[in-house]
K.L.:
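Here it is: the structure, laid out below.
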Protein chains: 2
Amino acid sequence: MQARLLPRKMRFAGRINGRDAPVSMSPDTRSRGVRMPRPARRAQLLEAAQEVFVESGYHSAVMDDIADRAGVSKPVLYQHFPGKLDLYLALFDQHAGELLDLIRAALASTTENKQRVAASIGAYFEFVGRDGAPFRLVFESDLINETAIRQRVDKMSQDSAEAIAEVIKEDTDLPDAEAHLLGMALSGMAQICARFWLVQGSSIPRDEAARLVATLSWRGLGGFPKIEREGSGSEPG
Amino acid sequence: MQARLLPRKMRFAGRINGRDAPVSMSPDTRSRGVRMPRPARRAQLLEAAQEVFVESGYHSAVMDDIADRAGVSKPVLYQHFPGKLDLYLALFDQHAGELLDLIRAALASTTENKQRVAASIGAYFEFVGRDGAPFRLVFESDLINETAIRQRVDKMSQDSAEAIAEVIKEDTDLPDAEAHLLGMALSGMAQICARFWLVQGSSIPRDEAARLVATLSWRGLGGFPKIEREGSGSEPG
DNA sequence: TTTGCACGCCGATCTTGACCTCCACGGGAA
DNA sequence: TTCCCGTGGAGGTCAAGATCGGCGTGCAAA
């Protein structure tokens with residue numbers, strides 16, 4: 001994260017036209033933040049909050065740090081968000097919505113089912129690779145025991161699994177429950193692989209990693225080229 | 001959670017030979033818990049802690065509640081564990097070890113690779129289905145942003161994915177990085193499916209759900225019986 | 001030009017929950 | 001009888017969410 005070179009008061013009070021200039025202060029001339037229209041300020045606060053929540057998680061994030069990051073005082077946070085949880089939920093909803101949009105777009109991108117599954121997997125990889133790491137709020141939340149978050153995560157998982165289950169049902173004669181389980185399998189697998197790919201330093205290019213996972217999804221392990229080995233006991237694909 | 005019928009002091013002070021009996025107390029005859037050998041007490045504390053951590057998560061669990069659940073005072077907790085985090089880590093390590101043992105046993109149960117993969121998936125389902133829901137500590141920890149937990153989860157994921165990657169490398173000519181990605185895919189998928197199966201009320205019997213996921217792993221979506229449909233565009237398996 | 005108001009802002013502080021510790025008690029075994 | 005070990009009532013400490021009370025700028029109206 002970017003190091004702050006001045007204490008906030010000094011840094012900010014003296015910031016005129018974008019240039020740092022330390023300024024002395026008397027008690028009756030409080031340091032003043034730059035005034036912004038309400039919507040612009042709210043957007044800025046959300047950005048700062050995302051940085052802190054992504055770095056620290058909900059529980060270790062403190063409102064003081066978020067205010068510092070935004071360059072405002074704490075009361076300004078409470079002018080825009082009733083509390084810490086509300087701030088977090090606003091971010092969560094924004095990013096969960098983005099992921100579902102990506103998945104829906106992927107499913108709508110073709111009528112060829114194999115490609116629809118591959119595109120859905122690609123959607124997870126794209127989401128996880130985004131700047132600002134919003135996936136950390138959606139897939140790795142440390143607030144999962146809070147009912148509001150739990151419900152949202154469950155709904156998001158159900159929605160994405162259901163979307164994939166529709167594809168599975170188009171192609172197979174599997175009953176609803178089984179198709180849903182497989183839909184959950186694929187969306188879960190995509191999520192976990194995308195996160196693993198990111199953490200591993202992207203030694204496999206993203207598109208290739210997504211394609212590999214798509215191949216696994218469609219053809220299974222049996223669909224990969226075999227090495228003939230004595231004693232391995234593998235059946236032919 | 002089970003309702004307590006008496007205040008803790010009254011409930012416990014008067015519990016003689018397993019029977020509740022409210023007992024008056026004077027200041028110089030403090031209520032006394034049942035004295036236990038140190039290892040037995042430690043095990044009891046861990047059991048109580050597991051109940052509370054599973055129900056509430058780390059952050060919402062309070063040491064008072066854990067002590068209450070164990071029927072002791074708080075100093076007793078600190079006699080056995082340096083702090084709250086240590087208590088949690090002891091439980092985490094116990095259960096993560098159990099899961100890895102299950103996976104290793106599954107992989108050792110046969111030399112037939114397809115069965116080894118299926119058995120590994122079954123190991124996840126068995127672990128998730130266990131009484132006391134230890135999977136909640138291992139797969140759904142709200143302490144994932146704590147370094148000690150993050151490292152343990154990462155190591156456990158790496159270990160299980162690596163074990164499956166060994167099987168994949170035996171069977172295919174995939175390079176290490178690709179095999180590892182697929183190993184992560186399968187172990188992640190197994191974990192998510194097992195948890196989904198549990199939450200869904202087990203409408204599919206456990207063994208059948210595990211078998212379905214194993215089939216997906218080995219044969220992919222393409223390996224399921226097809227419905228012939230106009231316009232679906234699906235390729236034959 | 002002056003005044004009043006709306007809006008965005010902040011330093012200081014309150015409140016409270018919860019981790020952890022102090023200090024002393026009592027029973028059982030040697 | 002003494003000592004050790006397991007035990008508990010009470011409370012200290014402090015971090016952090018949230019709020020109080022007031023400031024200052026810019027714009028519009030008189």
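Letters A, B, ... mirror the listed sequences (proteins, then strands); counts begin at 1.
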K.L.:
Reading DNA chain D from 5' onward, which residue's closest nucleotide shows up sooner: B/Pro75 or B/Arg38?
P.N.:
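Going by which nucleotide is closer to the 5' end, it is B/Arg38.
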K.L.:
Take atom CG of A/Asp68 and atom P of C/dG11, then tell me their distance rounded to the nearest Å.
P.N.:
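Interatomic distance, CG of A/Asp68 to P of C/dG11: 10 Å.
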K.L.:
Decide, yes or no, whether a salt bridge links B/Arg136 with B/Glu55 under the criterion of side-chain N to carboxylate O below 4.0 Å.
P.N.:
no
K.L.:
Run the side-chain donor-acceptor check on residues 121-131 of chain B: report pairs under 3.5 Å with partners two or more places apart or on a different chain.
P.N.:
from: B/Tyr124; atom 1: OH; to: B/Ser160; atom 2: OG; distance (Å): 3.2
from: B/Arg130; atom 1: NH1; to: B/Glu98; atom 2: OE1; distance (Å): 3.3

K.L.:
Identify all pairs in which a protein N or O lies below 3.5 Å from an N or O of nucleotides 11-17 of chain D, and state each distance.
P.N.:
from: D/dG17; atom 1: OP1; to: A/Ala61; atom 2: O; distance (Å): 3.3
from: D/dG17; atom 1: OP1; to: A/Lys84; atom 2: NZ; distance (Å): 2.9
from: D/dG17; atom 1: OP2; to: A/Met63; atom 2: N; distance (Å): 2.8

K.L.:
With the side chain counted from C-beta on, respond yes when B/Phe196 and A/Gln158 share a heavy-atom pair under 4.5 Å apart, and no when they do not.
P.N.:
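In contact.
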K.L.:
Taking ring-ring contact (aromatic ring centres under 6.0 Å, His included) as the definition, give me every residue that meets it alongside B/Phe53, ordered by chain and number, with sequence neighbours left out.
P.N.:
B/Tyr58, B/Tyr88
K.L.:
Could you pull out all residues at least two apart from A/Ala148 that satisfy side-chain contact (heavy atoms from CB on, under 4.5 Å)?
P.N.:
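Result, side-chain contact (heavy atoms from CB on, under 4.5 Å) vs A/Ala148: A/Leu89, A/Glu146, A/Arg152.
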K.L.:
If the threshold is 4.0 Å, N to carboxylate O, is there a salt bridge linking A/Arg116 and A/Glu166?
P.N.:
no
K.L.:
How many Å lie between CG on B/Leu85 and P on C/dA18, as a whole number?
P.N.:
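Result: 17 Å.
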K.L.:
Between atom NE2 in B/His80 and atom C1' in D/dG8, what is the gap in whole Å?
P.N.:
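From B/His80 NE2 to D/dG8 C1': 13 Å.
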K.L.:
Would you kindly give the CD-to-P distance between A/Gln79 and D/dA18, to the nearest whole Å?
P.N.:
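For the pair A/Gln79 CD and D/dA18 P, the rounded distance is 15 Å.
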K.L.:
Is there any protein nitrogen or oxygen under 3.5 Å from a nitrogen or oxygen in nucleotides 28-30 of chain C, and what are the pairs?
P.N.:
none

K.L.:
Quick check on A/Glu47: does its CD atom have over 12 non-hydrogen neighbours (other residues, nucleotides or ligands) under 6.0 Å away?
P.N.:
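No, because the 6.0 Å sphere around CD of A/Glu47 holds 12 heavy atoms or fewer from other groups.
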K.L.:
Check whether any side-chain N or O of A/Arg41 sits under 4.0 Å from OP1 or OP2 of C/dC9, and answer yes or no.
P.N.:
yes
K.L.:
Taking side-chain contact (heavy atoms from CB on, under 4.5 Å) as the test, write out the residues that go with B/Ala105, two or more places apart.
P.N.:
none
